[in-house]
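Notes for the one structure printed next.
Lettering follows sequence order; numbering is per chain, from 1.
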Amino acid sequence: MNRIDALFASLRARHRKAFTAFITAGDPSLEVTPHAMRALVAGGADLLELGIPFSDPESDGPDIQAASMRALDKSSPTRLADVMAIARAFRAHNQDTPLVLMGYVNSLLAYGIEAFARDARESGVDGAVLVNLPIEEFHEIRPVFEREQLSAVFLVAPTTSEARAAKIADEASGFLYYVSLKGVTGAAHLDFDDLAAQTMRLRALTDMPIQIGFGIRSPQAAAQAAPYADGLIVGSALVKRMAELERTPEDIPDALQHMAGEFRAAIDRTSTH
Amino acid sequence: MNEPYFQPNESGHFGPYGGRFVAETLTSALDQLESLYLQAREDESFQSVLAGHLKDFSGRPTPLYYAERLSEHLGVRVHLKREDLNHTGAHKLNSTIGQALLARRANKRRVIAETGAGQHGVATATVAARFGFDCCVYMGSEDIERQSLNVYRMRLLGAEVVPVDSGSRTLKDAMTEALRDWVTNVDDTYYIIGSAAGPHPYPMMVRDFQRVMGVEARAQFMDAHARLPDVLVACVGGGSNAIGLFHPFIEDTAVRMVGVEAGGEGIASGRHSATLVAGREGVLHGSKSYLLSDADGQVSATHSISAGLDYPGVGPEHSLLKDLGRVEYACVNDEQALDAFRLTNRLEGIMPALESSHAIAWVVENASELRGLDVLINLSGRGDKDVQTVAKCDGVEI
């Protein structure tokens with residue numbers, strides 16, 4: 001069983017919700033990222049998402065876009081091969097926490113789909129989310145991912161029809177990433193009534209774990225959204241905190257561990273009631 | 001190629017290119033747009049309203065003008081499709097009128113657009129004023145600087161021009177930002193894409209709206225000469241003026257077609273925008289196509305003296321036409337485009353846009369090979385907006 005499936009099986013058995021933390025690889029540096037990942041796990045993250053920096057992140061808001069730029073805008077920009085190396089460095093100390101890469105199709109095309117899947121697997125990566133890959137374009141990639149036992153995580157949006165959501169659930173593996181609002185990552189205005197209705201609709205279509213992302217900016221928001229899903233994905237809030245510490249990167253791991261702890265506590269408060 | 005040409009297929013692919021590489025939030029909006037457009041395309045009343053606006057608001061048909069002195073100078077019979085005489089001064093309005101009618105049909109209250117040279121922004125602001133939409137145009141801050149005339153035109157038309165400071169601060173970044181806006185405001189907003197690029201159905205839809213140029217040019221040349229021209233030439237940034245001219249001629253295999261990209265400071269310098277000449281397969285802004293990106297897939301910062309060609313991607317249909325060998329793609333550099341700009345001013349009393357000057361420059365550079373042939377160039381826009389840029393090249397402050 002892959003680490004993602006094992007995680008959700010174990011969480012479900014314990015009636016707990018997953019806390020997924022996102023940061024961008026190479027932000028602010030290749031050296032800091034593995035420490036930041038370990039700190040997030042120490043603070044209580046169940047699953048890590050590692051962003052592949054991309055020059056034109058059209059679905060990301062300003063915080064994650066800026067993180068991509070920090071990872072790229074330097075004498076040696078963060079490359080996909082470096083992301084793989086970060087994954088291996090993380091795995092050297094952690095065998096259990098699932099790790100998912102998140103990025104855009106062009107990064108994979110340049111690296112080669114086969115090479116990506118093989119190297120990801122060998123580096124201890126468990127799955128990938130390709131933000132701008134629709135299920136219609138997945139057919140060429142799917143056998144490659146399956147061969148390497150990589151989960152293919154897909155997004156479902158508030159605008160996704162039921163028929164389409166069912167198709168997405170058929171193609172996806174690992175978990176479904178429910179985009180909790182129309183907009184880019186990190187935007188505000190989460191409507192919890194709408195969220196409840198939407199996730200209930202999705203729950204009726206599939207048994208696959210559902211994680212809510214985009215717009216979980218605070219532990220309070222995480223606590224409010226937790227009842228409606230199997231997990232919460234927090235990205236922009238963490239990345240924004242990292243940006244504030246750009247000048248003192250040695251403080252980043254402690255700050256992330258502390259923040260992760262707050263999100264963890266907030267999620268557990270509601271999901272264990 | 002001898003088979004009938006019918007592209008894209010039902011899923012929006014032009015051979016291996018095109019498709020719909022967008023965030024899931026936009027998929028339903030694109031589905032709705034596709035069915036809206038397909039209905040409108042078959043709807044005679046929509047088509048007749050569109051034709052009425054093209055005639056009375058835009059001033060079509062534009063002339064096909066025999067450039068006598070340029071022809072004499074080059075030894076090539078040069079015919080100019082005068083899109084510079086289209087309302088707002090470029091071919092862009094052909095598509096923005098069509099898309100504004102679609103936005104009205106879909107009851108949207110707001111339109112957004114990206115723009116490079118500002119011509120598409122002006123065309124969008126124009127239809128927004130004409131049809132009563134709120135309008136927001138994204139424009140790279142570098143382009144805002146070099147196209148200040150068009151920026152002020154858009155503001156006079158009531159549009160909000162939003163500077164984009166990310167990335168290379170040009171057209172690519174403006175389009176990324178417009179996509180972000182659309183993802184956020186998809187309920188009440190229609191995104192008027194300026195080129196035959198982006199996710200399906202845009203490449204097909206923009207091409208269909210821009211075909212009017214090729215249809216007119218074909219009939220105009222036929223009327224005058226009772227045959228087809230030998231060569232068609234158009235500049236290619238995203239490629240909407242080129243595909244609009246070429247498309248009605250694709251099955252006329254005797255007609256040679258050349259798309260001219262921006263060679264900037266030369267391919268070897270790395271400072272260019274020649275996607276089809278120097279790029280490879282990639283995915284940006286919603287479709288698979290040729291793309292200028294580095295070994296790690298990061299999209300390249302491009303360069304061209306002409307803001308409208310300064311784009312690392314290209315419409316997917318051009319990628320297919322290149323692979324099929326039906327259209328040749330070449331490039332000319334900044335200097336050659338400037339020379340052609342000056343030449344056309346002096347010999348014809350016509351000021352072409354720097355974009356269109358690339359097409360003219362290719363004919364100038366290849367005049368000996370084209371001697372005696374009838375060459376039809378798409379003069380896709382007028383160059384008033386470029387006067388400052390050219391003056392700067394001449395070291396003149398105006």
[X] versus chain B, heavy atoms under 4.5 Å apart: side chain, backbone, both or neither?
X      : result
A:T160 : both
A:S68  : neither
A:I168 : side chain
A:P57  : both

Quick check: does any side chain N or O of [X] sit under 3.5 Å from a backbone N or O of [Y], one acting as donor and the other as acceptor?
X      : Y      : value
B:E24  : A:A157 : no
B:T176 : A:E58  : no
A:N106 : B:G297 : yes
B:R180 : A:D60  : yes

[atom1] of [X] to [atom2] of [Y]: how many Å apart, nearest 0.5 Å?
X     : Y      : atom1 : atom2 : result
B:T25 : A:F214 : OG1   : CZ    : 6.5 Å
A:S59 : B:L179 : OG    : CG    : 8.0 Å
A:Q65 : B:S166 : CD    : OG    : 4.5 Å
B:S11 : A:E137 : OG    : CD    : 7.0 Å
A:S55 : B:D173 : OG    : CG    : 9.0 Å

- Answer key: most heavy-atom pairs under 4.5 Å with chain A among B:E281, B:K172, B:R280, B:K288 is B:K172

[Y] and [X], any side-chain heavy atoms less than 4.5 Å apart:
X      : Y      : result
B:V299 : A:D56  : yes
A:L109 : B:V283 : yes
B:T27  : A:T159 : no

- Item | A:E244 CD: over 12 foreign heavy atoms closer than 6.0 Å | yes

- Message: Quick check for you: among A:P134, A:A81, A:S107, which has the greatest number of heavy-atom pairs under 4.5 Å with chain B?
- Response: A:P134

- Query: What option among A:I52, A:L72, A:L133 has the most heavy-atom pairs under 4.5 Å with chain B?
  - Reply: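 Counting heavy-atom pairs under 4.5 Å, the top option is A:L72.
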
- Item | Per-residue contact mode, B:H13 against chain A (heavy atom under 4.5 angstrom) |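 Side chain only.
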
